[in-house]
Amino acid sequence: MPFTPQGLDMRPPINVRHEVVCAVLPLGLAAAIAAAAWLHMFAADSALTTAAFVICVLIATVGAIAVVATTFMGRLRQAMGRLTYLVPAFALLGAMVPMYALDQFALVHRGIQVQCEVVAIDNYVRGSDTLRTDHEFACPGWPSFNADTSRAERFPIGHDLIATIDPLDRAEPSIREVSSTNALIAAAFSIGLLAAVVFGRLDAVDDGRIRAAWRVRIRRLRNRGVA
């Protein structure tokens with residue numbers, strides 16, 4: 001970051017409106033993904049639902065591209081250097097988590113418990129050293145499905161367990177306990193992570209103008225309250 005001998009930032013002044021729009025893009029991305037997931041999980045099948053789903057997916061695609069592009073082509077890259085890639089990574093993660101939350105809500109709302117049996121297992125390594133086991137479960141009267149666990153939690157072939165299955169086959173089957181609490185925790189995590197991305201980005205690029213704009217806005221709101 002270039003400075004004068006007196007320590008003043010000589011970069012061009014920021015465009016507050018532009019930086020705020022770029023910072024809140026992950027919120028729009030998350031909204032589009034959540035809307036698409038909700039339509040998939042809960043909306044009745046119709047031409048209107050399909051059209052709305054496609055529109056949400058297109059918006060989410062454009063949003064994801066915009067999040068990445070505005071991160072690496074703007075002022076943020078100068079401010080964060082090598083750590084810049086963390087911004088789109090956390091933004092995309094926060095935007096995707098609502099899919100899991102809605103998946104849990106769907107299983108809680110209409111899931112049924114069925115007895116399933118492990119018919120095949122596949123041990124594999126995720127990344128460089130994470131040992132995982134993929135299980136294929138057969139459930140009488142229902143389609144088979146796959147679920148993975150850590151190597152320490154793997155089940156032997158022939159093991160029986162109770163799985164929660166969506167009779168509409170929209171939500172992923174779960175071999176673990178499903179609850180609204182899990183969904184709410186996931187939603188809260190997503191909100192917190194996205195808020196951290198938004199405010200962290202604004203703080204990284206701010207040259208004092210964003211804080212000044214917030215102070216002016218807060219002062220106006222206080223004055224209205226007094227009036």
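- In this structure, Ser144 and Glu136 have side chains that are in contact, with non-hydrogen atoms separated by less than 4.5 Å.
- Applying the 6.0 Å contact sphere to CZ of Phe145 captures more than 12 heavy atoms from other residues, nucleotides or ligands.
- Tyr100 and Leu107 fall into different hydrophobic clusters, where Ile, Leu, Val, Met, Phe, Trp and Tyr residues are linked whenever their side-chain heavy atoms come under 4.5 Å apart, directly or through other members.
- A chain of hydrophobic side-chain contacts below 4.5 Å, direct or via other Ile, Leu, Val, Met, Phe, Trp or Tyr residues, connects Leu83 to Leu202.
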*Report the C-alpha separation of Val68 and Thr71 in whole Å, then their side-chain angles, then the decisive distance to 0.1 Å, and conclude whether the side chain to side chain contact (heavy atoms under 4.5 Å, CB included) test is met.*
CA-CA 5 Å; Val68 175; Thr71 297; 5.7 Å; no
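- Between Ile157 and Val119 the shortest heavy-atom distance is CG2-O, 4.1 Å.
- No continuous path of ILVMFWY side-chain contacts below 4.5 Å connects Phe199 to Ile191, so the two sit in separate hydrophobic clusters.
- Taking CD1 of Ile121 as the reference point, atom CZ of Phe155 lies at 11.5 Å (rounded to 0.5 Å).
- Taking every heavy atom of both residues into account, Pro98 and Gly94 meet most closely at CD-O, 3.3 Å.
- Asp103 places a side-chain N or O within 3.5 Å of a backbone atom of Glu172 that can act as its donor or acceptor partner.
- Side-chain contact between Thr84 and Phe72 is present, with at least one heavy-atom pair separated by less than 4.5 Å.
- Listed here is the closest heavy atom pair of Cys116 and Ile165: SG-CD1, 4.4 Å.
- The side-chain heavy atoms of Asp203 and Arg211, taken from C-beta on, include a pair separated by under 4.5 Å.
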*Walk me through it: do Leu161 and Ile175 pass the test side chain to side chain contact (heavy atoms under 4.5 Å, CB included)?*
CA-CA 8 Å; Leu161 55 71; Ile175 60 174; 4.1 Å; yes
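- The structure places CG of Leu168 at 9.0 Å from NE2 of His109, a figure rounded to the nearest 0.5 Å.
- Here Glu153 does not pair with Arg132 in a salt bridge; the nearest charged N to carboxylate O distance is not below 4.0 Å.
- Under the 3.5 Å distance criterion, the side-chain polar atoms of Ser190 are left unmatched by any main-chain donor or acceptor of Ala186.
- The CD atom of Gln104 lies 6.5 Å from the OG atom of Ser179; values are rounded to the nearest 0.5 Å.
- Taking each heavy atom of Trp142 and Pro167 in turn, the nearest pair found is CZ3-CA, 3.9 Å.
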*Where do Ile59 and Cys56 land on the side chain to side chain contact (heavy atoms under 4.5 Å, CB included) test, with the steps shown first?*
CA-CA 5 Å; Ile59 293 175; Cys56 289; 5.7 Å; no
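- The two residues Ala91 and Leu194 make their nearest non-hydrogen contact at O-CD2, 3.8 Å.
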_Does Tyr124 form a side chain to side chain contact (heavy atoms under 4.5 Å, CB included) with Leu131? I'd like the steps, not just the answer._
CA-CA 6 Å; Tyr124 67 98; Leu131 303 179; over 6 Å; no
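- Put simply, the side chain of Val62 does not reach to within 4.5 Å of the side chain of Leu58, judged on heavy atoms.
- No more than 12 heavy-atom neighbours from other residues, nucleotides or ligands sit within 6.0 angstrom of OH on Tyr85.
- Taking each heavy atom of Arg201 and Thr70 in turn, the nearest pair found is NH2-O, 3.0 Å.
- Ion pairing between a basic and an acidic side chain is recognised when a charged N comes within 4.0 Å of a carboxylate O; Arg154 and Asp148 show no such pairing.
- There is no path of hydrophobic side-chain contacts, each under 4.5 Å, that joins Leu184 to Leu193.
- Grouping the Ile, Leu, Val, Met, Phe, Trp and Tyr side chains by contacts below 4.5 angstrom, directly or via other members, places Val67 apart from Leu86.
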Side-chain donor/acceptor pairs under 3.5 Å, residues 22-45, sequence neighbours excluded:
residue, atom, partner, partner atom, Å
His40, NE2, Arg170, O, 3.3
Asp45, OD1, Arg170, NH2, 3.0

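- For the atom pair Gln113 CD and Thr164 OG1, the distance stands at 4.5 Å (nearest 0.5 Å).
- Under the 4.5 Å side-chain criterion, counting only non-hydrogen atoms from C-beta, His159 is not in contact with His135.
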